[in-house]
Amino acid sequence: MKNKKNEVWTWISIALLLLFLVFFIYPCIRLMWEAFYTEKDGFTLKAFIKFFSKSYYTNTIMNSFKVSSAVMIICLLLGVPFSYFFTFYELKGRRILFVLALLCTMSAPFIGAYSWIMLLGRNGVITKFIKTAFGIKLGSIYGFNGILLVQSLKLFPLVMIYMNGAFQDIDNSLLEASANLGCTGVKRFFKVLLGLTMPTILAAALIVFMRAFADFGTPAIIGEGYKTFPVLIYDSFLGDAGADYNFASAVSVLAIILTGVIFLLQKFASNRFKFSINSLHPIQKKKPHGFSGFLMHFYCYFLIAIAMLPQLYIVVDSFRDYKGQVVQSTYSFSNYKNAIRKLLGRATKNSIVISLIALAVIIIIAVLIAYLVVRRPNALNNTIDTISMLPYIMPGAVIGISLIVSFNDKPFVLTGSTLIMIIALAIRRMPYTSRSATATMMQIPISTEEAAISLGAGKLKTFIAITIPQMSSGIISGAILSFVSIVTEVSGTIFLFNNRTITLTIGTYQAISLGSYGTASAFATVTTLVTVVCLVIYLRATHGSERMSV
């Protein structure tokens, strides 16, 4: 009987490995084959020679590195002090700050780009007001500066949320000891606190860099002449001259190599600072007083207000009347009526249905992986865990293209189907839930399962009836984050959709591309509403936890 039960988990491991081999490893291999082989030339390096022979293409790598590095630095400079004030001091309205920070980072990035164009673009509301009132002409919001602004305001709350956990894990006795040695204030912040939280700082830096590097929507909308790597992949695949699978695949392979190298460098740096802390004496929050207290509150609330401004403007703009591309002074539901004619209802339904199905797949696979890795560690299960995490460091456009080149011909024609959308989203967003489920699984004592088994329950029954309920908080929190990231996804699905499978974010992007700004605002507002609902569920599921696991 024991061997049969062990065989069940072995077959589960094999089934999971086969799923990843078919829908992830095989597409990646096909992508590389497409990059090095054409029917006309056979094995060739023509696409890579084309890329490296023209500065127009190679500059996209430098552009992506420049803007992603700048975003990473700014997010750390903004997010770490924010988290420090939030964790060590009793700020007024801290719950509101945390909720708004979550909402900022959970929204679709390119919606922020569109909003800032409406605010600070050539005919933006703020631009025209300042020019009329003060005679001052603002600089351009487009290009490097625009991408930097949008992505920094979108991603700095992510640093703040992750750093909350790191700061909360610091033992207060360490701070007391440093104070006794005369290390206090700013000196202690840089020498002690940053040193103790360096692993999380590096992890947060990687997350921000990868998110900024892989972002397609923001540079596509606000970048204008500043072309980044993901935009080049999009143009190569869906450009005016038609799809060039060979070149698009070659660029995608380069993207995988670059992000892989960055990931390994971050891992190497993290291992240099690896250590553990037991927080026996939690941090005691102080009450901010005087002018310094005012500055703390002003800093936090001002940053959040600026980050929230685009989302608030979008909601208001969705009710304003447009005549062509010119905004009117009247308000109505005309944008929503236009959006409904542009498949808003279908997009909303698809976003919810496709996201829920993808989420169900993610939860089932993530829970199984978490159990196998923690309770049945071996080479096979560790391999599955590693493979499941690889999409985390890959741009969504790469995953989308790899699925197209793999499932665009008989006998497996999935292009244009709902299934291929679900596969792409499940693969790309699984790491959120699998990491959260694994972290929770590690905290569950094995004695509870052993007790159930000793009372006659089988291992599979124990797993379903005992283990999964104990993992529920980690599963739910990770699942909500996966769901929100699925709902706001655009880079991984922009290659895969058609009118039958259009989603809210794709509908928004299409409307912006066509200059239908009022319609785009309506799509974006509905997307924000769905995000808010997810946020409420997340906060209830995690009991308002002010941290995330890294």
Side-chain angles (χ1 to χ4, degrees), residues 104 107-132 138-143 145-147 149-151 153-154 215-226 231 234 238 306-348 351 487-491 493-494 497 499 502-532:
C104 288
S107 62
F110 73 93
I111 292 178
Y114 162 63
S115 304
W116 280 111
I117 289 176
M118 302 299 289
L119 290 167
L120 292 174
R122 296 182 182 92
N123 295 309
V125 176
I126 297 177
T127 303
K128 290 193 292 187
F129 172 77
I130 291 179
K131 185 176 181 180
T132 302
L138 296 178
S140 175
I141 188 66
Y142 303 93
N145 293 333
I147 300 172
L149 172 69
V150 173
Q151 292 185 338
L153 290 175
K154 158 77 177 176
D215 185 10
F216 155 75
T218 301
I221 290 173
I222 206 171
E224 285 199 346
Y226 196 87
V231 176
Y234 176 84
L238 295 176
I306 296 297
M308 282 296 300
L309 181 60
Q311 295 189 54
L312 296 175
Y313 178 80
I314 282 291
V315 176
V316 174
D317 190 63
S318 69
F319 293 99
R320 301 179 73 177
D321 289 324
Y322 275 80
K323 188 175 182 180
Q325 295 184 6
V326 180
V327 66
Q328 306 295 304
S329 58
T330 56
Y331 294 83
S332 70
F333 289 96
S334 59
N335 292 325
Y336 289 92
K337 293 177 181 177
N338 290 332
I340 290 172
R341 287 193 289 269
K342 297 293 183 179
L343 306 178
L344 175 62
R346 182 183 298 177
T348 304
S351 291
V487 170
T488 57
E489 173 73 24
V490 66
S491 61
T493 54
I494 193 70
F497 85 100
N499 279 342
I502 187 173
T503 61
L504 284 170
T505 48
I506 292 174
T508 307
Y509 183 80
Q510 280 190 318
I512 294 172
S513 302
L514 295 173
S516 302
Y517 299 133
T519 303
S521 294
F523 269 94
T525 299
V526 175
T527 306
T528 300
L529 180 61
V530 174
T531 306
V532 170

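Side chains included, hydrogens not; waters and symmetry mates left out as well; all remaining heavy atoms used.
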**Q** Determine whether Asn499 and Arg346 make a side-chain contact, defined as any pair of heavy atoms from C-beta on separated by less than 4.5 Å.
**A** yes

**Q** Compare all side-chain heavy atoms of Tyr313 with those of Val125 and state whether any distance is below 4.5 angstrom.
**A**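 Side-chain contact under 4.5 Å: yes.
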
**Q** Specify the closest pair of heavy atoms between Tyr331 and Asp321, including all atoms of both residues, with the distance to one decimal.
**A** N-OD2, 3.7 Å

**Q** Is Thr218 close to Ile222 at the side-chain level, that is, under 4.5 Å between some pair of heavy atoms?
**A** yes

**Q** Do Val316 and Phe319 touch side chain to side chain, with heavy atoms closer than 4.5 Å?
**A** no

**Q** Would you give the length of the straight line joining atom NZ of Lys342 to atom CD1 of Ile340, rounded to the nearest 0.5 angstrom?
**A**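 That separation rounds to 13.5 Å.
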
**Q** Looking only at heavy atoms, what is the nearest atom pair of Ile141 and Gly121, with distance?
**A**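 Of all heavy-atom pairs spanning Ile141 and Gly121, the closest is CG2-CA, 3.7 Å.
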
**Q** Taking all non-hydrogen atoms of both residues into account, name the closest pair between Asp215 and Gln151 and its distance.
**A** OD2-NE2, 3.1 Å

**Q** Just verifying a value: how many Å separate Leu138 CG and Ile126 CD1, rounded to the nearest 0.5 Å?
**A**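 Nearest 0.5 Å value for the CG-CD1 distance: 8.5 Å.
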
**Q** Please lay out, stage by stage, how Trp116 and Leu309 fare under the test side-chain contact (heavy atoms from CB on, under 4.5 Å).
**A** CA-CA 9 Å; Trp116 280 111; Leu309 181 60; 4.1 Å; yes

**Q** May I ask you to decide if Ala347's main-chain N or O and Ser351's side chain share a donor-acceptor pair within less than 3.5 Å?
**A** yes

**Q** Minimum heavy-atom separation for Leu153 and Ile306, please, with both atom names.
**A**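 Here Leu153 and Ile306 meet closest at CD1-CG2, 3.7 Å.
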
**Q** Is the distance between the ring centroids of Phe216 and Tyr509 less than 6.0 Å?
**A** yes

**Q** Do the side chains of Leu344 and Leu504 get nearer than 4.5 Å, heavy atoms only?
**A**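 Side-chain contact under 4.5 Å: yes.
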
**Q** Does the side chain of Phe497 reach to within under 4.5 Å of the side chain of Thr503, using non-hydrogen atoms?
**A**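 Answer no - side chains too far apart.
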
**Q** Taking atom OG1 of Thr508 and atom CD1 of Ile221, what is their separation to the nearest 0.5 Å?
**A** 9.0 Å

**Q** Between Ile147 and Pro219, which heavy-atom pair has the shortest distance, and what is it?
**A** CD1-CB, 3.6 Å

**Q** Can you see which heavy atom on Ser318 is nearest to which on Tyr336, and at what distance?
**A**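 What the structure gives for the nearest pair is OG-OH, 2.7 Å.
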
**Q** Using side-chain contact (heavy atoms from CB on, under 4.5 Å), reason through Asp317 and Tyr322 one step at a time and then give a plain yes or no.
**A** CA-CA 10 Å; Asp317 190 63; Tyr322 275 80; 2.7 Å; yes

**Q** May I ask you to test the Phe523-Ile111 pair for a side-chain heavy-atom distance under 4.5 Å?
**A**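 No; the side chains remain at least 4.5 Å from each other.
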
**Q** Considering only heavy atoms from C-beta outward, does the side chain of Phe129 approach that of Leu119 to under 4.5 Å?
**A**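 They are not in contact (no side-chain heavy atoms under 4.5 Å apart), so the answer is no.
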
**Q** Is there a donor-acceptor pair under 3.5 Å between the side chain of Thr505 and the backbone N or O of Thr488?
**A**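 Flag not set: sc Thr505 to bb Thr488 has no pair under 3.5 Å.
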
**Q** Centre of Tyr142's six-membered ring, under 6.0 Å away, within 45 degrees of the axis: is that where NZ or CZ of Arg122 sits?
**A**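 Yes, Arg122 lies over the aromatic ring of Tyr142.
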
**Q** Between Ser521 and Tyr114, do the side chains contain a donor N or O and an acceptor N or O under 3.5 Å apart?
**A** yes

**Q** Do the side chain of Thr519 and the main chain of Ala339 share a donor and acceptor less than 3.5 angstrom apart?
**A** no

**Q** When you measure from the side chain of Ser115 to the backbone of Gln311, do you find a donor-acceptor pair of N or O atoms at a distance under 3.5 Å?
**A**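 Not a single qualifying donor-acceptor pair exists.
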
